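Step one of this worksheet: look at the structure below.
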Amino acid sequence: MTSTARTSYTLIPNQKYRRSNRHSRQHCDIMDTDPQSLSTLGYFKTLPLEIFQMLLNYLSVKDISMLCMVSKTISNRLITYISTPSGNRRLLLQDFHNIELPGKREGSYILEHYKSLGLLLKRCTLLLPTKDRLKYIHKILSEVSCFKLNGCPSPLHCLGLQCYGVFLQILTAGWDELECHRVFNFLCELSNLPRKVQTVVSSKPGSARKLELRVRLFCRSVLLNHWIHRSDSAFWLTRILKPWPMVNQARLLYIIFGPVSSLDGHVVWQKMIEGPTDETSLKGLADAIKLLYDTEAREWTADDVISLVDELSVVPREWLMENNARLLILSGNNICFTFMASKAVNGRAFELARLVVFLALVCEKDLYCMDWAVKMMQKVCKVFSTPGERNNFLQSVENAFAHMIMDMLQAVLSGDRDEEDISFLNLFHLINAQANFHKEILYLTMRSNSV
């Protein structure tokens, strides 16, 4: 018994020593291996896949995107991780309606997260053809209902489409135009955007208000709002508009950039018809027109843009001339002059004369320099081919001032005044506009005579 006890006593440390010796020898072998002989997983090859994925939970999304650049094998492991339930929960945040997170600026946290996720998936799928990249990314994102055009029940209070937009902006940054065409076509197929656009541009304005709102939010938040370079914005706006005839382009432009109700976000179709509007209601349309007129928008000629502006001025019916004039001023000198010169060349001198009067009126109301309106008229006068045409145009400008003053005076004398006395106020602004307009002409004449 003593011998047996002694044997068991001596066996225990021998077993421990052998296990410890084997572990030490394995550790030394790994450390001494030449780096070129290591697998593309590096030291991660010693970790089971489950442990590797647990380690990823301690890295930020940006750090994971850096890790996937190490090797193709690690990138494949990360693609596997993204597809797992735990990876989905970690990466596909869906707090789109919980905008005010503690300690975070409104919406910024989740937007930054999806920027980082865009970078991660861009790097993970770097070696795949564009078509396969898009299929894989759609597979990952398909469960996020707020990324779909009709997916969210409360789209005005949701950051889902904005997150989708910043994700796509990071994903496609640096891609060539052919690849971006494929992205647009892929998005159209997924969202059925062309059919929905067909519905809203062919229906009576306002009859499909909810769909108009969803098309507007999808186009702005996903395709247009997040680009840094104007050339990129022009490219995507062109993709949205160009498939349609000019009349539908104007309707669609109004849906995407026109004025909306502050109460429910729906497009206000009567805004340009019922009365003078403010700069805020027109700024989005003016910025879009300038974008298409820029040299970056290679698929649009000056004639295309001017025709679009002309078509826009009758959506859904003919605008008040004052709103036309305000849109032209906001669109910039080049577009304004080209639009006016087009009317001069096409023999529409009477329309042009009324437009000059309303440009002067808007300058008076909105406190722009009146000499701008005079110089614009002076520049347009050079378009007329004969002195007779030019003189007839100038006479038409004076006649337009006189007729408009008489019409407004008649409205004031009729006694149908509202609470704000708008008729009298309009007459006041018009008379002041005429006086300041002619004052600038006198200044210009006296300066030219003194030279």
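Because the structure is a prediction, the values reported are computed rather than measured.
Side chain of S313 to backbone of D310: a donor-acceptor contact under 3.5 angstrom is found. In this structure a side-chain-to-backbone donor-acceptor pair under 3.5 Å is present from T386 to E389. Between the side chain of R326 and the backbone N or O of T277 there is at least one donor-acceptor pair closer than 3.5 Å. Judged purely by atom type and a 3.5 angstrom limit, R214 uses its side chain to pair as donor or acceptor with the backbone of C152. K148 places no side-chain N or O within 3.5 Å of a backbone atom of E143 that could act as its donor or acceptor partner. With hydrogens and angles ignored, the 3.5 Å screen pairs no side-chain donor or acceptor of K196 with any backbone N or O of V215. Without hydrogens or angle criteria, R133 side chain to T125 main chain gives a donor-acceptor distance under 3.5 Å. Distance alone, capped at 3.5 Å, places no donor-acceptor pair between the H138 side chain and the L187 backbone. With hydrogens and angles disregarded, a donor-acceptor distance shorter than 3.5 Å links the side chain of Q249 to the backbone of W244.
K365 and N426 share a side-chain donor-acceptor pair at under 3.5 Å. With 3.5 Å as the limit, one finds a donor-acceptor pair spanning the side chains of Y293 and T338. A side-chain N or O of N57 and one of Y81 form a donor-acceptor pair less than 3.5 Å apart. Between the side chains of T238 and E299, not a single donor N or O lies within less than 3.5 Å of an accepting N or O. Checked by atom type, the side-chain pair D278/S281 shows a donor-acceptor distance below 3.5 Å.
Between L330 and L282 the shortest heavy-atom distance is CD1-CB, 3.7 Å. What you find for L430 and M408 is that their closest heavy atoms are CD2-SD, 3.7 Å. The shortest heavy-atom contact between C363 and W372 is SG-CE3, 3.9 Å. Pairing each heavy atom of N333 with each of M376, the nearest pair is O-CE, 3.9 Å.
The environment of CD in E189 is sparse: at most 12 heavy-atom neighbours from other residues, nucleotides or ligands sit within 6.0 Å. Within 6.0 Å of CD in Q270 there are more than 12 heavy atoms belonging to other residues, nucleotides or ligands. Heavy atoms of other residues, nucleotides or ligands lying less than 6.0 angstrom from NZ of K115 number 12 at most. The environment of K135 atom NZ is sparse: at most 12 non-hydrogen atoms of other residues, nucleotides or ligands sit within 6.0 angstrom. Around CE of M66, the count of heavy atoms belonging to other residues, nucleotides or ligands within 6.0 Å does not exceed 12. Other residues, nucleotides and ligands place no more than 12 heavy atoms under 6.0 Å from the CZ atom of F350. At most 12 non-hydrogen atoms from other residues, nucleotides or ligands lie less than 6.0 angstrom from CD of Q410.
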Legend entry - Residue pair E177, R239: steps toward the salt bridge (Lys or Arg N to Asp or Glu O under 4.0 Å) verdict: CA-CA 11 Å; E177 282 197 5; R239 301 282 69 73; 5.8 Å; no

Inset, instruction - Report the C-alpha distance between D304 and T301 in whole Å, list the side-chain angles of each, state the deciding distance to 0.1 Å, and finish with yes or no for side chain to side chain donor-acceptor pair (under 3.5 Å). - result: CA-CA 5 Å; D304 288 338; T301 65; 3.1 Å; yes

Legend entry - Test log, rule side chain to side chain contact (heavy atoms under 4.5 Å, CB included), inputs L352 and F393: CA-CA 8 Å; L352 181 58; F393 163 65; 3.5 Å; yes

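No side-chain heavy atom of L224 sits under 4.5 Å from any side-chain heavy atom of S233. Within the 4.5 Å cutoff, the side chain of C146 has no heavy atoms near those of the L161 side chain. For the pair I64/R90, a side-chain contact is recorded, criterion being any heavy-atom separation below 4.5 Å from C-beta on.
In this structure, CG on L78 lies 9.5 Å from CG on L59, to the nearest 0.5 angstrom.
Of the charged side-chain nitrogens involved, none lies within less than 4.0 Å of a carboxylate oxygen, so that E212 and R216 do not count as a salt-bridged pair. Using a 4.0 Å cut-off between charged nitrogen and carboxylate oxygen, E351 and R354 do not count as a salt-bridge pair.
Judged by the 6.0 Å and 45° rule, R317 forms no cation-pi pair with W269.
In summary, the aromatic rings of F167 and F147 are positioned with their centroids too far apart to meet the 6.0 Å limit. If you look at H181 and F235, their ring centroids are closer than 6.0 Å.
By the 30° and 60° cut-offs, the orientation of the rings of W227 relative to W236 is parallel.
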